[in-house]
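Before any comments, here is the structure.
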Amino acid sequence: MTTKLTFLGTGTSQGVPIIACQCPVCRSTDLRDKRLRASAYIEYEGLKILVDAGPDFRSQMLAQGVTHLDAILLTHNHKDHTGGLDDVRSFNYIDRKAVEIYCEPRVLKSLQVEYSYAFAEHKYPGAPEWHVHLIDERPFRVDSLENTGDLEWVHDVGYFYRQADGSLVPSDNAVREASREQPNIIPIRGYHDDMPVLGFRFGRIAYITDMSSLPDGELVKLQGLEHVTLNTVGYKKHHSHFSLDEALELAGRIGARYTWLTHLSHAFPRHEQFCAQLREMCLQRGIGSIVQPAHDGLVIEG
Ligand SMILES: [Zn+2]
Ligand SMILES: [Zn+2]
Ligand SMILES: [Zn+2]
């Protein structure tokens, strides 16, 4: 079964155009130069999975017409990747269940601070409903979960699920370990400056963002790929992202058929020009992978 990945956002933390910037890239009329915050929608083994829910989550869901999510996987706890999690409420109402979120314990800790109201014992009506599944470097399983019942608000008490027999079971933002049985997703460990982050492999597509280093030992998880995404924010060495040179070098070592660059900033030229520049650079350096910039709305299959 093929995996399909749609890039919902391919921009750096401020997006492109950047507010108030008058540079030629930010003023480009080419839609491929309009980059929302980095996020990807993956259709894999019958599942609909989102990687990261940044501040553009709402407009990204509307632009793609997404009507259901089986899981949201979080790469790390920066706001450009988690800032839209309040807006999952729409899926709570439609699916009448909590949204399943997969993240590392350190990401959960930060969500508990930044979204304390979502974890409150007595929640305000309409607060987002999440079920958090804790993951680490080990492969894990995401399943399509059936509705657990109708979500109901009981005034001043909290949300409850109404079961088939009419009884009410509290919905308490349960935190549980992700299942390791019959894993279908392989996490890739990398570092964003010194912050540990995760990339994810779905079959023959791997999605990597917000890394500045990837331990050699992780390369074994990236063999035989049709597509890989890598982040870069500019030509110069950066403390928390791959430079373009580093991304190209890594693309050569991973050796996927296609490498798509994401988390792009206005430091790179307009789309057409950047494509031509990358073709030339890969030719000169003998990089076997076809390396191109991703753009919002781009769909890849593998
Ligand atoms: Zn980011
Ligand atoms: Zn600009
Ligand atoms: Zn980040």
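For ligands, and for the atoms within them, numbers begin at 1 and follow the listed sequence.
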| said: I need the NE2(His76)-the Zn ion (ligand 3)-NE2(His192) angle, rounded to 10 degrees. | reply: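 It rounds to 110°.
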| request: Just give me the atom name: the N, O or S atom of His266 closest to the Zn ion (ligand 2). | output: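 His266's closest N, O or S atom to the Zn ion (ligand 2) is named ND1.
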| query | For the Zn ion (ligand 1), which N, O or S atom of Asp80 is at the shortest distance? | reply |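 It is OD2 of Asp80.
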| request: Using 2.8 Å as a strict upper limit, say whether an N, O or S atom of His263 approaches the Zn ion (ligand 1) that closely. | output: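 Checking the Zn ion (ligand 1) against His263, an N, O or S atom does fall under 2.8 Å.
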| said: If hydrophobic clusters are built by linking Ile, Leu, Val, Met, Phe, Trp and Tyr wherever their side-chain heavy atoms come under 4.5 Å apart, do Leu73 and Val107 end up in the same one? | reply: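 Result: no, two separate clusters.
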Parallel, tilted or perpendicular for [X] and [Y], by the 30°/60° rule?
X: Tyr235; Y: Phe274; value: perpendicular
X: His192; Y: His76; value: perpendicular
X: His227; Y: Tyr258; value: parallel

| Distance, nearest 0.5 Å, that separates CZ of Phe7 from CG of Leu298 |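 If I round to the nearest 0.5 Å, the distance is 5.5 Å.
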| request: Establish, from distance only, whether the side-chain atoms of His131 and Arg176 form a donor-acceptor pair under 3.5 Å. | output: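 A pair is found: one side chain offers a donor N or O, the other an acceptor, under 3.5 Å apart.
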| said: Strictly under 2.8 Å, is the Zn ion (ligand 3) approached by any N, O or S atom of His78? | reply: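 It does; at least one qualifying atom falls short of 2.8 Å.
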| said: So, of the N/O/S atoms that Asp210 has, which is the nearest one to the Zn ion (ligand 3)? | reply: OD2
| said: Rounded to the nearest 10°, what angle sits at the Zn ion (ligand 2) between SG of Cys21 and SG of Cys26? | reply: 110°
